[in-house]
Amino acid sequence: MPAPKIDGILETAVYVDDMEAAHTFYSGVLGLERMVAGERLYAYDAGPAQTLLVFHRGHTGEDVETDGGFVPGHDTTGHSHFAFRISAGQLQPWRDYLAEQGIVMISEVTWPAGGTSLYFNDPDGNVLELAAAPLWPNFLS
């Protein structure tokens with residue numbers, strides 16, 4: 001069964017300890033296409049003009065020189081969070097798909113505005129969300 005459609009990403013960066021386990025999850029389970037593969041960063045196509053950056057924790061703290069200038073170092077500890085935007089019609093297909101893949105849904109929230117969020121973890125314990133509008137004033141459909 002192919003992964004249900006993801007319409008986009010709301011928050012964009014995650015840090016992981018095991019890059020290959022992350023790739024297996026983000027590519028194999030969620031069906032995202034990897035566009036860049038390096039020692040410290042994988043980049044995935046998460047929808048039109050949207051990219052999920054998967055950073056290798058502990059390997060991104062130093063500045064990185066490029067031909068066009070340097071990228072400032074950054075890193076994080078602990079579990080992070082980001083959300084994929086999905087349509088309301090994709091909530092049940094995602095519930096079914098995650099269960100089929102053995103991914104435990106840790107929470108489901110119905111928001112005051114009427115939207116719904118499904119929460120689950122990646123292999124590093126980062127909290128992922130599949131969010132169907134409306135949630136925020138800028139995310140109504």
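- For P112, the side chain to side chain contact (heavy atoms under 4.5 Å, CB included) criterion is met by no residue, not counting sequence neighbours.
- Ring geometry, H59 versus H56: the interplanar angle falls under 30°, so the pair is classed parallel (tilted spans 30 to 60°).
- Note that CE of M19 and CZ of F55 are 9.0 Å apart. Values are rounded to the nearest 0.5 Å.
- Residues passing the ring-ring contact (aromatic ring centres under 6.0 Å, His included) test with F120, sequence neighbours excluded: none.
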Steps toward side chain to side chain contact (heavy atoms under 4.5 Å, CB included) verdict (F84, L128) = CA-CA 8 Å; F84 290 105; L128 280 60; 4.3 Å; yes
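- For H79, the side chain to side chain contact (heavy atoms under 4.5 Å, CB included) test picks out N126, with sequence neighbours left out.
- Note on F25 and M1: same hydrophobic cluster, where clusters join Ile, Leu, Val, Met, Phe, Trp and Tyr whose side-chain heavy atoms are under 4.5 Å apart, directly or indirectly.
- For the residue pair D124 and R57, the shortest heavy atom distance occurs at OD2-NH2, 4.4 Å.
- Looking at residues two or more places apart in sequence or on another chain, you find a side chain to side chain donor-acceptor pair (under 3.5 Å) between Y44 and H23.
- In this structure, CG on L130 lies 11.0 Å from OG on S87, to the nearest 0.5 angstrom.
- In this structure the side chain of L41 never reaches within 4.5 angstrom of the side chain of V54, judged on heavy atoms.
- In terms of the side chain to side chain donor-acceptor pair (under 3.5 Å) criterion, residue partners of D96 (sequence neighbours excluded) are, by chain and number, Q92.
- Taking the side chain to side chain donor-acceptor pair (under 3.5 Å) definition, one finds that D63 meets it with nothing, sequence neighbours left out.
- Listed by first then second residue, pairs satisfying salt bridge (charged side-chain N to carboxylate O under 4.0 Å, His left out) with a partner in residues 24-45 number zero, not counting sequence neighbours.
- Take T24 and apply the side chain to side chain contact (heavy atoms under 4.5 Å, CB included) test, not counting sequence neighbours, and it matches no residue.
- Side-chain contact of Q90 with Y97: a donor-acceptor pair under 3.5 Å is absent, judged by distance alone.
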Take K5 and I86 through the test side chain to side chain contact (heavy atoms under 4.5 Å, CB included) and record every step on the way to the result.
-> CA-CA 7 Å; K5 183 177 185 269; I86 64 172; over 6 Å; no
Scan the side chains in residues 99-110 for donor-acceptor partners under 3.5 Å anywhere in the protein, sequence neighbours excluded, and list what turns up.
from: E108; atom 1: OE1; to: R95; atom 2: NE; distance (Å): 3.1
from: E108; atom 1: OE2; to: R95; atom 2: NH2; distance (Å): 2.7

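- Taken from OH in Y26 to CG in L52, the straight-line distance is 6.0 Å, to the nearest 0.5 Å.
- Listed by first and then second residue, the salt bridge (charged side-chain N to carboxylate O under 4.0 Å, His left out) pairs that reach into residues 67-79 come to none, sequence neighbours excluded.
- Residues P134 and W111 come closest through the heavy atom pair O-CB, 4.5 Å.
- The side-chain heavy atoms of E62 and V64, taken from C-beta on, include no pair separated by under 4.5 Å.
- No donor-acceptor distance shorter than 3.5 angstrom exists from the side chain of R85 to the backbone of A133, with no hydrogens or angles considered.
- Annotation: side chain of L135 is not in contact with side chain of T116 (no heavy-atom distance under 4.5 Å).
- Annotation: side chain of M35 is in contact with side chain of T51 (closest heavy-atom distance under 4.5 Å).
- Note: F82 CZ to D122 CG = 6.5 Å, rounded to the nearest 0.5 Å.
- Put simply, the side chain of S80 reaches to within 4.5 Å of the side chain of V14, judged on heavy atoms.
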